[in-house]
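Here the structure is laid out as structure tokens; the discussion comes afterwards.
Treat the numbers as computed from the prediction; the structure is a model and nothing was measured. Just follow the structure's listing: the first ligand is 1, and inside any ligand the first atom is 1.
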Amino acid sequence: MINAKLPKIFYGGDYNPEQFYLETLEEDIEMLKQAGIDIATLGVFSWALMQPGEDTFDFAWLDTVIDRLYENGIYVCLATPTAVPPAWMVKKYPDILRVDFEGRQHKFGGRANACPHSPSYRRQSAQIATKLAERYCHHPAVLVWHISNEYSGACYCDKCERAFRVWLKDRYGSLDELNRAWNTRFWGHTFYDWDEIVVPNVLSEQWGDRATAFQGISLDYMRFMSDSLLACYRLERDAIRRHSHDIPITTNLMGTYKPLDYVRWAREMDIVSWDNYPAYDTPVSVTALRHDLMRGLKDGQPFMLMEQTPSQQNWQPYNALKRPGVMRLWSYQAVARGADTVMFFQLRRSIGACEKYHGAVIAHAGRTNTRVFREVAALGEELQRLGDALLDSRVESRVGILFDWDNWWAVEFSSGPSRDLQYLREVQKYYDAFYRHHVSVDMIHVDSDFSQYDVVVAPVLYMVKPGVARRLEDFVSAGGTFVTTFFSGLVNQNDLVIQGGYPGELRKLLGIWVEEIDALLPDMHNRFVVSSPAGAVEGEYRCGMLCDLLHSEGADIVAVYGHDFYKGMPAVTRNPFGKGHAWYVASSPEPSFLDDLAATILQRHDIRPPVAAPADVEVTVRRKGASSYTFLLNHGDVVHTVDLGDGTYKDLLGGGTVTGQVRVNPKDVWVLES
Ligand code: GLA
Ligand code: ZN
């Protein structure tokens, strides 16, 4: 349980009554109580008020807010305010400000704008965290600590440059090693002294997010920056931990956020929390993947949905309202995939600046008779009724999809073969295939224990880190099914190509040799022609983007190409290895191929969906002890019937028991206990 003081799904969100000079506090509290809100995130962005001068601190207003909330049964998720340093501080200590990718020195403004290597920022943020911890660690209202807010971005200042060199010394030990790792003999970029190394930005080696002359240095700068921001988090976390021993500490992550290696971050967090902001037209399976990714960071431990909007956002190009029922539906989607909280940004709408039109529980009208408020209150009542039933229950999966941030960076820094190659998009395609089968997937990382899965899928596993190929071999030998794709196995952790033939260290496991890689133009395609009964996959399927020209070195050829000068060469292979199989999909196929491939693999392992459901109905199961909780979420616009089979279920939301068929209304949710 996140905190035993509140043994239910936490329900609440960001609250900044100080932005209204506390004038609305009392009326807000009345309304929040009516909405069933039981937790408020306080303090995000409030540094300027907490510390109006170097030696002046003012927590009186925060005392009032916390006390008044607590007296009314509302707990607190207490944030450190360090996402925005106060203006006086930035003036006094200009080293706080970042220098951007273009080399421009920033001024005061925006947010998440502090240089992670600014001694002033580090000193001041540790100090304010300490002050908060000292003052509130024993306050009975505080359930969770929330460090800063959505760590993001990067800095390219001189301090970061110096710190980068130190980080590199630590990683490589010697310049010889570094020169080798970055292959600096290319273009005569050999370094003779550490201080010749400069940050990779538009003034040096890199000219865009995906464009660099030296993948090695750019990759290391991503790692270094992720570590640098993480060090800021750790500094505050440790400051709090010194005073507050048993309150969990988190920071709100952002799902598939490329710049930060959340696998490394999660190790430093007591609980993962994240902010879910799908656009109006984001496919539900994309949100599902993000939830699963966040759940996977701490190997399936329940996570916090820290933010979502009750209705619209302000920063999309078109900020559509969440249609009636959708806020509830998406809240349960998070819970269905492992969240133990449902929290909003924000509880009351601000009146000025860029977020004033962002959705909130309490709108500018300041009243409860709004559609959004009624929907929020109805969900509050429902979560109250669910009590502790779902808490700590786990999603169980027999399929794991590997996701790796270093690999993401390396794939997209690669100059060639195709600028259309996007790691996340390929991962999503494979995820979607299992999603469409209503089969649960864990998003796993290279250090995960593969042996707990029957199937491990690693789309575009371009970078194979030390030991991974060996562990995959063990996994397959023992009977597992491994699936990987084109552009896999090419490089080591430094983006240096493994000589001797692609896919490098995976070659033995896959039983193939990739001789060439063809990049197709956007309107070009090839075809997979299933040529062997080795798999149950049949027929012809369109494929494109990249086509590997490969030779079998023992693998069964499941499909061959249908066109071009490599017509007839293997396009999909399956290698028997020990007791298992290793599949290679040499091009990016149309979704129906992946549906059929997933079906073949699921059948081999006798993995079935928990219930047979139509496409629009998302199905997941959470388990705890002897109990199972089956979620049915109808994302569609028509009623769908789901056949529950023989079991008898307790209807946790509607009450009573159900058997046989249930009719799930559009946007409606069932949570069934058995
Ligand atoms: C993020 C932030 C919030 C707010 C919302 C708006 O998630 O953490 O402070 O800006 O976006 O959607
Ligand atoms: Zn910096």
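In the vicinity of Phe45, heavy-atom distances shorter than 4.0 Å reach the ligand 1 atoms 9 (O). Annotation for ligand 1: atoms under 4.0 Å from non-hydrogen atoms of His358 are 6 (C), 12 (O). Atoms of ligand 1 lying under 4.0 Å from any heavy atom of Asn149, numbered from 1 in the order shown and given with element: 2 (C), 8 (O), 9 (O). Residue contact check: Glu355 has heavy atoms under 4.0 Å from atoms 4 (C), 5 (C), 6 (C), 10 (O) of ligand 1.
Among the atoms of Asn314, none of the N or O lies under 3.5 angstrom from an N or O of ligand 1. Among the atoms of Gln313, none of the N or O lies under 3.5 angstrom from an N or O of ligand 1. Residue-to-ligand polar distances place Glu150 within reach of ligand 1: an N/O pair is separated by less than 3.5 Å.
Using bins of under 30°, 30° to 60° and over 60° for the plane-to-plane angle, the ring pair Phe344/Tyr11 lands in the perpendicular bin.
Protein contacts to the Zn ion (ligand 2) involving N, O or S atoms at a distance below 2.8 Å are Cys115 SG, Cys155 SG, Cys157 SG, Cys160 SG.
Distances from atom 12 (O) of ligand 1 to the heavy atoms of Trp315, Phe344, Phe345 put Trp315 nearest. If you check each of Gln312, Glu307, Gln346 against atom 11 (O) of ligand 1, the one with the closest non-hydrogen atom is Glu307.
Judged by distance alone, the side chains of Tyr435 and Asp292 never bring a donor and an acceptor atom under 3.5 Å apart.
Ligand 1 has at least one atom lying under 4.0 Å from a heavy atom of Arg111.
In this structure, the side chain of Asp261 does not engage the main chain of Asp406 through any donor-acceptor pair within 3.5 Å. Between the His364 side chain and the Arg348 main chain, no donor and acceptor come within less than 3.5 Å of each other. At least one donor-acceptor pair closer than 3.5 Å links the side chain of Asn314 to the backbone N or O of Cys354. A donor-acceptor pair under 3.5 Å is absent between the side-chain atoms of Lys322 and the main chain of Gln312, judged by distance alone. In this structure, Lys298 contributes its side chain and Phe303 its backbone to no donor-acceptor pair below 3.5 Å.
Taking the six-membered ring for Trp and the full ring otherwise, the centers of Trp405 and His445 sit at least 6.0 Å from each other. Between Tyr277 and Trp315, the distance from one ring center to the other falls under 6.0 angstrom.
Arg123 forms a cation-pi arrangement with Tyr93, by the criterion of a distance under 6.0 Å to the ring centre and an angle within 45° of the ring axis. Seen from the ring of Phe57, Lys131 counts as a face-on cation partner, given the 6.0 Å and 45° thresholds.
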